[in-house]
Amino acid sequence: MIAERRRKLDELRETGNAYPNDFRRNALADELHRMYGTQENEALEELDVEVAVAGRMMAKRVMGKASFIKLADRSGQMQVRVERDRLPDGVYADFKKWDVGDIVAARGKLFKTNTGELTVRCDELRLLTKSLRPLPEKFHGLSDQEVRYRQRYVDLITNESSRAVFRTRSAVVQYIRSFLDAQDFLEVETPMMQTTPGGAIARPFTTHHNALDMELYLRIAPELNLKRLIVGGLERVYEINRNFRNEGVSTQHNPEFTMLELYRAYATYEDLIDMVEALLRGMSEAVLGSTVVNYQGEKFDFGEKFARMTVEETILKFNLELDQSRLRDRDYLLEVCEKLDIPVKDSYGPGKLQIEIFEKTGEENLRQPTFVTQYPTEVSPLSRKNDDDPFLTDRFEFFIAGREIANGFSELNDSEDQAERFRAQVADREAGDDEAMAFDHDYIRALEYGMPPTAGIGVGIDRLVMLLTDSPSIRDVLLFPHMRPEVFD
RNA sequence: GGGGCGUUAGCUCAGAGGUAGAGCAUUCGGCUUUUAACCGACCGGUCGUAGGUUCGAUCCCUACACGCCCCA
């Protein structure tokens, strides 16, 4: 079939420029439907509107000496009526050889068909680009997941729902920018390649700089750099960009993913909880036109106040038999982990054990929007300790549909405490935990200049977009999700 | 890493231990208001790959590859 179309392309090459680029479009389908869609045919003929449209030919219905075709542009589709006797000699005969999938341009007057569809009756018809490969079947479209991900261009040609997902994604990011810009935040870009990966607990990707002959890491988070900017006095900064984590691939995880990280001086984690709530409420209204989000059969109302509970409250809620008074007792927690079939390491203290229990029994049950607060210091090496209870930090994570969407805290700005936390991380690393953080000397030096009291947060953009587009897999919201390399033979 | 499901024409999918099927698309013919246009004819395949069982395997078995889902 491709050979057949190559033959047609060869004919085009022989008769002139097979890839012309001198046609000027002056209208999009959607704007024509909006402006003229409600007019009666008689009024339209009276108005005598000539338009030049172009796009991919998605349907071709030939009826002898006249045809209807559908042209798809970025806004939508426009029907064109092609009549042999309105076109110069030979054009209609050529047109009959064109294929669905070709890029076609038409110029003519608007009218309405008997069934009331706005249509261009064309006086000029041109083939702008020959398509050599056939499109998927017109009714079912492209449904093979693998091809949808690997050949996203075909998916986008065929599936309006896929195009809609990426328009929504763009709207989400745009909304975040306008929301933060309105609050005088500065958008910044910090390095993707770092000599010391930090700011999160994860395995990094390694790369090599030839000229300097040194190892570099793709960042796992921008956190430490952004807080350096707070030290520098920028006070309100954010970055929307990629992080890279060398971990498994799943419906929730892609090796590179997009995070919003923001830092706000003179704020606490509670201020950011309020901010996240306002951000999500405004976002769903702006993007979906409603505060109600339907996700995979569940309903979430962003118009209602989100629930708040502490880590320990969450553990107790989903493990009713546990002894409230022994939740920080390491031996007791070890017993509980054993019962729950949670693998543990000798290095785990009560804080880490709590989090293991929380993740095993609590996380997936957090369906409705919930802020979980008061994370153990042991698992929060960059968070400020709670003033009254040093076992805990002033930290929260935001959950919805059983998934973590955001993680924020009042920042640790005591350089000596931070140095101590780094040392604990280094000890973990030496004990074999290759996700533990390295000691970042420059970051300590920055804190020694004085970082104002600050709160910061990271929001997973991909998961947010999944939620707002009702997508079951992170791959549905990434234009080019990570795949094993394809074998061409 | 473990488990389940899948891989058949360009696309969407049937199918059975004995010559490989449909619709759409392609090709040819017809048709000047179609809407998954319609009518007629033709064309289209290493049944994911490699082994094994069998007189015979695309079908049964094993391994592998790739994908999707679930679990860790």
Side-chain angles (χ1 to χ4, degrees), chain A residues 1-9 11 29 33 41 44-45 56-72 76-87 91-93 95-102 108-123 125 130-155 157-160 247-254 296 337 340-344 356 359-361 363-364 402-403 471-476 481-489:
Chain A
M1 194 172 299
I2 294 173
E4 178 64 36
R5 293 199 185 187
R6 270 189 211 286
R7 202 181 48 70
K8 291 178 180 175
L9 176 61
E11 277 172 28
H33 286 298
N41 187 41
L44 266 180
E45 306 265 13
R56 192 179 294 276
M57 184 160 65
M58 298 304 289
K60 185 183 178 207
R61 295 186 275 270
V62 179
M63 292 155 298
K65 298 176 188 65
S67 305
F68 286 99
I69 62 174
K70 284 262 168 81
L71 297 185
Q77 296 198 352
M78 176 55 59
Q79 180 164 266
V80 176
R81 180 168 167 84
V82 185
E83 296 173 20
R84 187 190 66 182
D85 297 341
R86 294 183 74 87
L87 296 168
V91 171
Y92 193 78
F95 156 75
K96 288 222 253 181
K97 286 186 237 158
W98 299 351
D99 296 291
V100 168
D102 289 351
K109 305 277 173 67
L110 288 176
F111 77 107
K112 271 208 171 160
T113 64
N114 292 342
T115 52
E117 178 163 348
L118 189 67
T119 303
V120 177
R121 178 179 281 124
C122 85
D123 299 306
L125 186 69
K130 185 72 202 155
S131 171
L132 296 177
R133 292 179 183 265
L135 290 178
E137 194 240 18
K138 60 189 171 188
F139 185 59
H140 297 92
L142 178 64
S143 59
D144 184 311
Q145 287 290 352
E146 181 180 355
V147 180
R148 287 190 55 220
Y149 298 148
R150 283 194 195 278
Q151 295 180 251
R152 184 66 88 182
Y153 38 90
V154 179
D155 180 40
I157 289 170
T158 316
N159 297 323
E160 162 58 24
E247 291 164 358
V249 174
S250 78
T251 50
Q252 313 292 319
H253 300 89
N254 197 64
Q296 304 291 296
C337 283
L340 290 170
D341 222 15
I342 297 171
V344 299
E356 293 290 324
E359 286 178 356
K360 173 95 177 189
T361 61
E363 221 172 275
E364 70 172 320
R403 290 177 196 155
S471 300
S473 169
I474 194 170
R475 290 178 158 184
D476 297 324
H482 176 77
M483 304 282 280
R484 283 172 201 271
E486 192 174 359
V487 178
F488 288 91
D489 43 25

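Just so you know, these numbers come straight off a predicted model, no measurement behind them. Here is how names work: the chains are called A, B, and so on, in the same order as the sequence lines, proteins then strands, and each is numbered from 1.
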Residue Thr251(A), side-chain atoms from C-beta onward, closest of A37(B), A72(B), C70(B): C70(B)
Rounded to the nearest Å, what distance is computed from the CG atom of residue Asp99(A) to the C1' atom of nucleotide C24(B)? 14 Å
Tell me whether the OP1 or OP2 atom of C66(B) has a side-chain N or O from Arg484(A) closer than 4.0 Å. yes
Of all the nucleotides listed (C66(B), U26(B), U35(B)), which has the minimum atom distance to the side chain of Lys70(A)? U35(B)
Just to verify, which of Leu132(A), Asp102(A), Asp99(A) counts as forming a side chain to side chain contact (heavy atoms under 4.5 Å, CB included) with Lys8(A)? Asp99(A)
The nucleotide from U35(B), C31(B), G67(B) with an atom nearest the side chain of Gln79(A) is U35(B)
Which nucleotide in the set C69(B), A72(B), U33(B) lies at the smallest distance from any side-chain heavy atom of Asn114(A)? U33(B)
When you measure only distances, ignoring hydrogens and angles, does the side chain of Glu117(A) come within 3.5 Å of the base of U35(B) through a donor and an acceptor? yes
For the side chain of Thr113(A) and the base of U34(B), is some donor closer than 3.5 Å to an acceptor across the two? yes
Within this structure, what is the NZ-to-C1' distance between Lys109(A) and U33(B), rounded to whole angstrom? 19 Å
Quiz item: Arg86(A) side-chain donor-acceptor pair to U32(B) base, under 3.5 Å: no
Please confirm whether any donor atom in the side chain of Arg81(A) sits under 3.5 Å from an acceptor in the base of U32(B), or the reverse. yes
Among G67(B), U32(B), U35(B), the one nearest Asp85(A) by side-chain distance: U32(B)
5' to 3', nucleotides 1-13 of chain B under a 4.0 Å protein heavy-atom cut-off (B base, S sugar-phosphate only, - none) gives ---------SBSS
Kindly write out the residues that satisfy salt bridge (Lys or Arg N to Asp or Glu O under 4.0 Å) with Arg150(A), not counting sequence neighbours, or none if the list is empty. Glu146(A)
